[in-house]
K.L.:
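Right, I'll just put the structure down here and ask away after.
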Amino acid sequence: MALECVAVLGWGDSGSSASGLVFNGVRNSNRTPRKCVCRGGFSGLSGHSVIKSADNQNTGKSSNVNDVPGKLCKDLISLPKPLTVADFTVTPNDGTKVRISFKGLPGSFSEDAALKAYPKCETVPCDEFEDAFKAVELWLADKAVLPIENSSSGSIHRNYDLLLRHRLHIVGEVQLAANFCLLALPGIKADQLKRVLSHPQALASSDIVLTQLGVARENVDDTASAAQYVASNGLRDAGAVASARAAEIYGLNILADRIQDEPDNITRFLVLARDPIIPRTDKLFKTSIVFTLDEGPGVLFKALAVFALREINLTKIESRPQRKRPLRVVDDSNNGTAKYFDYLFYIDFEASMADPRAQNALGHLQEFATFLRVLGCYPMDATL
Ligand SMILES: O=C(O)C(=O)Cc1ccccc1
């Protein structure tokens with residue numbers, strides 16, 4: 001099935017021009033949307049997902065003049081209808097028909113985040129973060145929802161690295177207050193548990209309750225995998241820290257609710273898509289960028305000043321070593337040769353790219369940054 005490029009307004013993702021707009025998008029040339037069959041399955045702890053893609057077969061009953069030789073086809077109702085403006089309207093905000101990939105099994109907090117952003121979406125469970133990126137790139141999903149930072153354990157570095165390696169755009173963010181529950185098989189009491197399984201972050205965030213119980217902790221890929229493992233293996237001595245939704249899906253009982261040490265354990269997720277969204281100024285937007293700088297005193301200070309000078313608030317700064325160029329050799333004739341780590345800087349700031357202040361700040365940064373890419377400009381999530 002051929003795909004052709006058409007105009008959809010957005011930025012170039014090369015970051016070569018902070019204010020330069022490019023046209024980029026994809027439309028299906030024969031009007032038949034490519035059909036993807038996405039099935040979420042799982043087995044054991046690893047949570048295997050099955051994502052299958054198949055070209056759409058035209059299964060609808062179609063008129064065919066060859067069926068009735070020599071006669072005109074009278075079955076006009078089944079003829080394809082011309083496209084109208086209604087065919088081009090954007091998907092409703094509740095996410096009807098939108099497919100969202102995420103890492104984990106059904107019932108995981110990442111799936112909760114996807115459902116918070118798009119309540120009626122179809123979720124596409126994936127084994128790994130990278131699979132969730134690829135599912136969007138391969139048109140098996142429309143968007144991916146991935147955790148990027150947590151209020152108690154900090155940044156999820158893997159996803160910062162994947163954001164750079166892949167070419168998806170950040171089109172939204174979701175803040176989720178995770179409510180950790182202690183789950184076990186029906187009929188099992190908390191004092192019968194010898195071990196508790198969960199995602200490392202959920203176990204660390206529930207330290208007080210788990211210490212009181214005196215149980216061993218076992219890390220698994222995601223909270224829902226823990227619930228699924230306890231349930232499918234009929235483990236009577238093991239519990240899981242997971243969501244109330246996971247309890248329902250896997251048929252477990254909730255022994256204790258809200259077992260997190262901090263009452264508010266917030267995880268911030270990013271929504272990624274193949275195309276950027278058009279930035280606006282009528283509501284609060286955030287912009288995420290990544291850049292590199294030359295070595296030298298005060299270079300980071302200078303980079304941050306481009307925002308401070310324009311009264312643009314920064315909400316996040318993260319640095320990651322450049323994997324492909326980990327060490328920079330600086331030859332100083334007086335002091336010999338020094339080797340430094342080379343860093344990528346990720347910054348989120350509170351301004352829309354439609355705001356001239358943001359355009360000027362990035363134009364300014366581009367004058368001395370050795371690399372600059374806009375990862376996305378998206379509405380801020382102010383809800384919890
Ligand atoms: O394991 C899950 O359910 C996830 O989605 C990852 C996670 C774990 C704990 C808090 C938020 C997200």
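Note that ligands are numbered from 1 as they come in the structure, with each ligand's atoms numbered from 1 the same way. Position 1 is the first residue of the sequence; numbering continues from there. It should be emphasised that the depicted structure is a prediction, and the values quoted were computed from it without experimental measurement.
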K.L.:
Any atoms of ligand 1 less than 4.0 Å from a non-hydrogen atom of D222? List them with their elements.
P.N.:
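Ligand 1 atoms under the 4.0 Å threshold to D222: 1 (O), 2 (C).
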K.L.:
Is the ring pair F368/H364 parallel, tilted or perpendicular, if the boundaries are 30 and 60 degrees?
P.N.:
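If you compare the ring of F368 with that of H364, the planes turn out perpendicular.
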K.L.:
Any idea which of L105, T223, T267 brings a heavy atom closest to atom 1 (O) of ligand 1?
P.N.:
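It is T223 whose heavy atom sits nearest to atom 1 (O) of ligand 1.
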K.L.:
Using 30° and 60° as the class boundaries, would you call the ring planes of F180 and F109 parallel, tilted or perpendicular?
P.N.:
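Aromatic pair F180/F109 classed perpendicular.
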K.L.:
My understanding is that we take every heavy atom of each candidate and find the minimum distance to atom 4 (C) of ligand 1. Doing that for P147, S110, S225, which one comes out nearest?
P.N.:
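The residue whose heavy atom sits nearest atom 4 (C) of ligand 1 is S110.
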K.L.:
Among all protein heavy atoms in this structure, tell me which lies nearest to atom 7 (C) of ligand 1, with the distance rounded to 0.1 Å.
P.N.:
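The closest one turns out to be F109 CB, 4.3 Å.
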K.L.:
For the hydrophobic clusters of this structure (ILVMFWY residues joined by side-chain heavy atoms under 4.5 Å, transitively), does one cluster hold both L176 and V145?
P.N.:
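Hydrophobic grouping puts L176 with V145.
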K.L.:
With the 4.5 Å side-chain cut-off for hydrophobic clustering, are Y343 and L300 part of the same group?
P.N.:
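Shared cluster, yes.
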K.L.:
Test your reading of the model: is there a side-chain donor-acceptor pair from S108 to the backbone of L105, 3.5 Å cut-off?
P.N.:
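Side chain of S108 to backbone of L105: a pair is present.
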K.L.:
For atom 9 (C) of ligand 1, find the nearest protein heavy atom and state the residue, atom name and distance (0.1 Å precision).
P.N.:
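Nearest protein contact, heavy atoms only, for atom 9 (C) of ligand 1 is Q201 NE2, 3.6 Å.
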